[in-house]
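What follows is one structure encoded as structure tokens, with my remarks underneath.
Chain identifiers are assigned alphabetically (A, B, ...) following the order of the sequence lines, protein sequences preceding nucleic acid strands; residue numbering begins at 1 within each chain.
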Amino acid sequence: MKNYALNPKHGDGDKSRQHKINYVEALNDQQWQAVQQIEGPQLVIAGAGSGKTRTLVYRVAYLVEQGVDPESILLLTFTRKASREMLRRAALLLDDRCQRIQGGTFHSFANTILRQYAAHLDYPNNFTIIDRGDAEDIVNMLRAELNLDKKQRRFPKKRTLVEILSKSINTNRPVMEVLADDYPHFLDDEPQIMELAGRYLRYKQTKGLMDYDDLLVNLRRLLTEQDGIRRKLSRQFRYILVDEYQDTNLLQAMIAALLASEHANLMVVGDDSQSIYAFRGAQFKNIMDFPKIFPNTRVTTLEQNYRSTQPILDFTNAIIASAKEKYSKNLFSEISGEQKPVYLQALNEREQSQFICQRILELREEGIPLDEMAVLFRSGWHSTELEIELNSRNIPFVKFGGMKFTETAHVKDVTALLRILYNPFDAIAWYRSLLLLDGVGPATAREVIDDVVEAQKGPEILAAPEWSKRKIGGELTRLRLFIAESVSNNFSPAEETKRVLEYYLPILKKNYDDYHKRTHDLEALAKIAERYQDLEAFLTDLTLEPPENSQIDTTATDKDEEKLILSTIHSAKGLEWHSIFLINLVDGFLPATQSLQREEDIEEERRLFYVATTRAKQQLYLLTPELERGGGLSYFDTRTVFTLPSRFIQDIEKFSNLTEQWTITLKSEESETTEEKSDDGTADDGAPNFLKNINDYFNEHRN
DNA sequence: GATTAGTCGATTTTT
DNA sequence: TCGACTAATC
């Protein structure tokens with residue numbers, strides 16, 4: 001096995017003599033090659049478990065040890081988890097110089113930059129970031145304005161509308177094309193949808209709002225329209241690394257390329273076999289096309305797997321071998337282990353859950369910590385049955401993915417109130433806050449907003465007799481006084497949150513029977529607020545980098561106690577565990593019903609299956625419940641149907657020697673250093689014309 | 001005319 | 001569990 005320990009001693013390995021870290025010992029040849037070449041464009045094709053993160057982390061450390069200013073290193077990742085993990089590991093490896101490395105998700109990076117330069121795009125620098133829910137609320141409001149909510153029965157719902165618009169942006173296709181491809185039944189509504197899209201855009205701009213997509217769109221605009229800024233930023237970030245490149249969309253690929261346009265010191269790392277974000281515009285073609293933008297790209301492939309045993313790898317290789325399109329990689333491992341992946345058929349979900357609980361406890365007995373085991377599934381709600389069983393046996397767990405903290409009703413209520421305090425002209429926040437009041441519905445809320453927000457009269461107008469005399473006057477006065485107190489004092493985010501809670505808790509108790517658990521969430525929120533100096537930063541982080549989990553679904557236990565991990569496959573990406581239980585391997589669950597129509601969607605589901613199975617280090621359990629839950633709750637529900645094992649499993653059965661079949665038996669009981677290059681990017685040494693390539697490439701793809 | 005209580009139905013994945 | 005839709009109520 002590879003020696004992963006840091007080797008502080010100098011001497012052997014001539015290349016790294018002057019370094020604190022012995023790279024040659026810590027890395028294999030390919031990894032070391034990727035780490036070592038610090039100038040020029042680089043593409044690293046990294047198979048699952050091949051030490052991708054490790055390579056990135058060591059490369060960052062290497063750069064710093066070479067004397068590169070950490071602040072000129074930019075590390076772009078796809079998820080917050082990955083970004084945090086990477087910076088943490090880099091700091092651990094070297095020293096706190098690594099903490100000055102710039103990094104984050106594309107979205108959070110865009111936020112940082114736009115806070116400085118938004119004025120160049122006719123946006124205020126103190127713009128507000130809105131989440132999906134807010135976007136839906138605005139679209140819904142605009143839809144009502146256009147009377148599109150009554151006219152036709154089949155006009156798309158707010159959720160679908162936002163989805164269509166977002167898809168159009170992220171996949172770089174006109175709305176018309178998105179409709180034709182994905183929503184043919186709404187094709188006739190194209191003119192109205194376009195009208196709505198225009199209004200939505202204008203609404204956001206006049207109110208200083210940006211949704212997730214706007215962050216990327218506007219950053220790209222900044223980089224393409226403001227040449228001076230592009231150059232400045234590109235020189236500031238001299239070394240750029242992009243993780244999970246197969247999951248970038250065209251917009252993100254373009255941003256990365258533009259940022260590197262002055263120097264082409266861009267290293268992208270990815271694995272086409274693990275591309276699972278096509279629904280959000282990702283195109284793994286970006287990987288293959290990278291050398292087209294940067295012709296002198298050096299390509300490295302990492303094939304040695306340091307995660308899984310060979311039997312598991314044999315199985316996962318077989319999964320991806322049946323994929324239609326892929327780069328061939330042949331992963332191998334030197335990790336010993338005999339245990340083949342285990343395939344189990346359960347009678348139903350309940351038996352599936354019981355088996356998992358039983359097996360988990362056995363493994364626990366054998367000394368495997370709970371948090372080294374994970375149960376993976378296609379979508380958040382697939383684990384509800386299991387959660388019940390875990391709760392009844394007092395097995396502690398945390399769940400990744402699924403309902404997020406900031407998406408719960410009570411947290412949204414509180415943030416809406418906070419947003420009013422931050423900006424008393426935030427119509428969407430007013431709307432939500434007003435609906436909390438007794439006797440106020442959509443119509444009354446609209447009236448209030450027209451007066452307070454649209455007519456720019458501010459909250460104080462609610463003191464006027466026309467409002468105070470109404471039946472709801474008392475409620476409105478309470479709200480008005482609450483806001484006024486904030487305005488006249490300069491409260492910290494923590495104090496504001498406390499005040500909001502005082503105001504809100506009675507409402508919470510009235511509305512929800514489970515207010516106790518929800519109160520816990522809100523107390524957690526108040527704790528988080530303590531970390532912030534100003535409300536803007538607090539609210540921004542809440543939409544951009546929200547805390548992972550709500551208390552609601554997790555058992556209330558000590559924080560340090562080890563817990564079993566439940567996770568959607570998407571959220572499990574990049575992580576690994578000793579043992580993996582992959583549940584509900586049934587056609588319709590994985591692959592999901594919605595994906596069965598199109599071949600490319602099924603291919604993505606296959607990659608999802610691949611991602612899930614490659615998370616396992618030592619043991620992999622594949623479970624198929626034979627009975628799907630019926631549509632209803634009754635045991636007599638005739639819609640209960642026999643289901644087919646996932647087609648991916650059926651594929652694999654051709655290679656039945658790769659798995660082992662078990663039958664379930666349940667036990668009883670329960671900076672600026674380079675020379676100026678000319679504007680077209682061509683230097684004397686004949687360096688390729690990057691900027692031109694970038695523009696050519698993206699123009700070609702803009703249709 | 002607006003609000004609310006109550007029923008029904010459906011539910012991918014994430015920044 | 002949540003949101004959309006419907007019918008009864010203010």
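For A/R518, counting side-chain heavy atoms from C-beta on, the closest listed nucleotide (C/dC2, B/dT11, B/dT3) is C/dC2. For A/K157, the listed nucleotide lying nearest its side chain is C/dC5; candidates were C/dC5, B/dT15, B/dT14. Which of B/dT15, B/dT14, B/dT3 sits closest to the side chain of A/A443 comes down to B/dT3.
Proximity of A/T444 to the phosphate of B/dA2: no side-chain N or O atom is located under 4.0 Å from OP1 or OP2. Considering only side-chain N and O atoms, A/T568 lies under 4.0 angstrom from the phosphate OP1 or OP2 of B/dT14.
The side-chain contact (heavy atoms from CB on, under 4.5 Å) with A/Y200 is formed by just one residue from the set A/L209, A/V162, A/L142; it is A/L142.
In the displayed structure, A/K412 atom NZ is contacted under 6.0 Å by more than 12 heavy atoms of other residues, nucleotides or ligands.
For the pair A/E136 CD and C/dA4 P, the computed distance is 8 Å after rounding to whole Å. Distance CD1 (A/I255) to P (B/dT15): 17 Å, rounded to an integer number of Å. Put simply, CG on A/L437 is 15 Å from C1' on B/dT4, counting in whole angstrom units. As a whole-Å value, the separation of A/D438 CG from B/dA2 P is 19 Å. The nearest whole Å value for the distance from the CG atom in A/N584 to the P atom in B/dT13 is 13 Å. One atom, CG of A/D131, and another, C1' of B/dT15, lie 11 Å apart when rounded to the nearest Å. Atom pair A/L434:CG and B/dT3:C1' shows a separation of 15 Å (rounding to whole Å applied). Per the geometry, CD1 belonging to A/I569 stands 11 Å off P belonging to B/dT14, to the nearest Å.
Every residue was checked against the side-chain hydrogen bond (donor to acceptor under 3.5 Å, both in side chains) condition with A/S275, not counting sequence neighbours, and none meets it.
Nearer to the 5' terminus of DNA chain B, by closest-nucleotide assignment, is the contact made by A/S595 (compared with the other of A/S595 and A/D213). Nucleotides of DNA chain B nearest to A/A592 and A/A445 differ in position, and the one nearer the 5' end is that of A/A445. In terms of position along DNA chain C, the nucleotide closest to A/K412 lies nearer the 5' end than the nucleotide closest to the other residue of the pair A/K412 and A/K471.
In this structure, the aromatic ring of A/W381 is positioned over the six-membered ring of the base of B/dT11, centres within 5.5 Å and planes within 30°. Ring-base stacking between A/Y277 and B/dT13 is not satisfied when judged by a centre separation under 5.5 Å and a plane angle under 30°.
A/N172 and A/N249 form no side-chain donor-acceptor contact under 3.5 Å, judged by distance and modelled atom types alone.
A 3.5 Å limit on both hydrogen-bonding distances identifies no Watson-Crick or G-U partner for B/dT11.
Residue contacts for A/R159: at a heavy-atom cut-off of 4.0 Å it reaches the sugar-phosphate backbone alone, with no base atom in range.
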Under the ring-ring contact (aromatic ring centres under 6.0 Å, His included) rule, what do A/F237 and A/F109 come out as? Steps first, then yes or no, please. CA-CA 12 Å; A/F237 301 113; A/F109 175 71; 5.5 Å; yes

